[in-house]
Amino acid sequence: MHELSMAQGIINAVLDTAEANNATEVNEVTVEVGRLAMINPEQLQFILGVLIENTIMEDAEINFEEIPAEIKCYDCDFNGEAILDDKDHYAPMVKCPKCDSLNVETLNGKDIVVKNIVIEKPDDA
Amino acid sequence: MHQIADVEVAKNIMDANKKLAHKNLHKLEDNGIFCVDFVGAIGSGKTTLVEEIIDNTDYKIGVLAGDVISKFDAGRIEKHNVPVVGLNTGKECHLDAHLVGHGLADLPLDDLDMVIIENVGNLICPVDFELGSHLRIVVVSVTEGDDTVEKHPIIFQTSDVVVINKVDLADAVGADADKMVCDAQKLNPNVKVIKSSLKEGIGLDEIIAAIEEAMNS
Ligand SMILES: Nc1nc2c(ncn2[C@@H]2O[C@H](COP(=O)(O)OP(=O)(O)OP(=O)(O)O)[C@@H](O)[C@H]2O)c(=O)[nH]1
Ligand SMILES: [Zn+2]
Ligand SMILES: [Zn+2]
Ligand SMILES: [Zn+2]
Ligand SMILES: [Zn+2]
């Protein structure tokens, strides 16, 4: 259930930025979730919904963007997006799409990044 | 009147933990300490393994024992006369670098050669949280079922050593330990896989050798 600590991290990042920009309200939040982060966006969405009550992001629409896994293959030098075995959607296996090798280094796809927010602020701020 | 603004945040939620993990690693290295962290399923034998390593090597070891309620494992390890700090996660399902940082502050680092961290029993969440160790060992036992490895690929892909424990019970629970070994090697061709029965003293020497190999490389 570490969606809880992730949610708190996301909210802090949003509120810090919102306050620094004199926001009166946050309308939209976009979060990138790496395909290899051990996070279930649905659970994250649910917990965020609970935690944002009574904050200026209470009514914000929260969008998740999936970030693909990028790998480097040690067997065939492939560099790019990995095929993920989707049988366990949030615990995928990372494989080289070119030669099927599992001897790969993960370059991208583990992070959770708050990308941007849409805010409302007074005209004179 | 109000205006609408699109503001870039670009904040990586994982970075805070990563930074603290690097800080932990530097602190350990400044003190010449090698750090191993054990992850693995609940009840797979992590604490038993820590106890065996303490009793069967001459290293000056300090232990950080993570648990939802930390007093249980910490209490067991204390009996082996080594410094131990229990890290209470409360509700969380994994240790993070921040908690480990607090734990390190409570260990006598000047007087240690090795720190062992025992994570909360969980094959999923610890993957997302580096702690700052040099070597990660995942411990599973045959009693979780011989499909445990293939069902949790990422923790096996991100660990350096895999211990398949309780092989003494394999027949009793109808588990094929060799299948687990193959699954781990398939998932992570670079990983070292060791079958053990800590109860019967099998595999312990190999596990210690794997730690020493990493220490000296
Ligand atoms: N039969 C058998 N039992 C074992 C072996 N290794 C450990 N055990 C037993 O398995 C039980 C759980 O071992 P622990 O070392 O407490 O497991 P753990 O992984 O630390 O458990 P948590 O911290 O609760 O996740 C204990 O009763 C151990 O004595 C083994 O190789 N064979
Ligand atoms: Zn969890
Ligand atoms: Zn390849
Ligand atoms: Zn334990
Ligand atoms: Zn603190």
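To find a chain, count down the sequence lines: A is the first, B the second, and so on, and within it residues start at 1.
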Looking at A:Asp111 and B:Lys18, is there a salt bridge between them, counting it only when a charged N and a carboxylate O are closer than 4.0 Å? yes
With a 4.5 angstrom heavy-atom cut-off, which part of B:Phe129 approaches chain A: side chain, backbone, both or neither?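 For B:Phe129, the contact with chain A is made by the side chain alone.
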Of the backbone (N, CA, C, O) and the side chain (C-beta and beyond), which part of B:Asp6 lies under 4.5 Å from a heavy atom of chain A, both, or neither?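 Answer is both: backbone and side chain atoms of B:Asp6 are under 4.5 Å from chain A.
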Is there a side-chain contact (heavy atoms from CB on, under 4.5 Å) between B:Asp160 and B:Lys192? Walk through the geometry before answering. CA-CA 7 Å; B:Asp160 305 295; B:Lys192 189 171 193 84; over 6 Å; no
Answer with side chain, backbone, both or neither: which region of A:Asp16 has an atom nearer than 4.5 Å to a non-hydrogen atom of chain B?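 When you check distances to chain B, no heavy atom of A:Asp16 falls under 4.5 Å.
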Tell me, side chain or backbone of A:Thr24 under 4.5 Å from chain B's heavy atoms, or both, or neither?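 Interface part for A:Thr24: side chain.
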Examine distances only and state if a side-chain atom of B:Asn119 and a backbone atom of B:His94 form a donor-acceptor pair shorter than 3.5 Å.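 The answer is no, because no donor-acceptor pair under 3.5 Å joins these two groups.
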Are any side-chain N or O atoms of B:Asp146 and backbone N or O atoms of B:Met180, one a donor and one an acceptor, separated by less than 3.5 Å?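 Such a contact is absent between B:Asp146 side chain and B:Met180 backbone.
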Pick from A:Lys115, A:Lys110, A:Met6 with the largest number of heavy-atom pairs that fall under 4.5 Å of chain B: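 Maximum pair count with chain B is reached by A:Lys115.
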Most heavy-atom pairs under 4.5 Å with chain B, out of A:Ile112, A:Val118, A:Thr17, A:Asn12, belong to A:Ile112
Could you tell me which of B:Leu187, B:Ile4, B:Val7 has the largest number of non-hydrogen atom pairs under 4.5 Å with chain A? B:Val7
Option passing side-chain contact (heavy atoms from CB on, under 4.5 Å) with A:Ile62 (candidates A:Ile52, A:Thr30, A:Ile117): A:Ile52
Would you say the rings of B:His22 and B:His26 are close, in the sense that their centroids are separated by under 6.0 Å? no
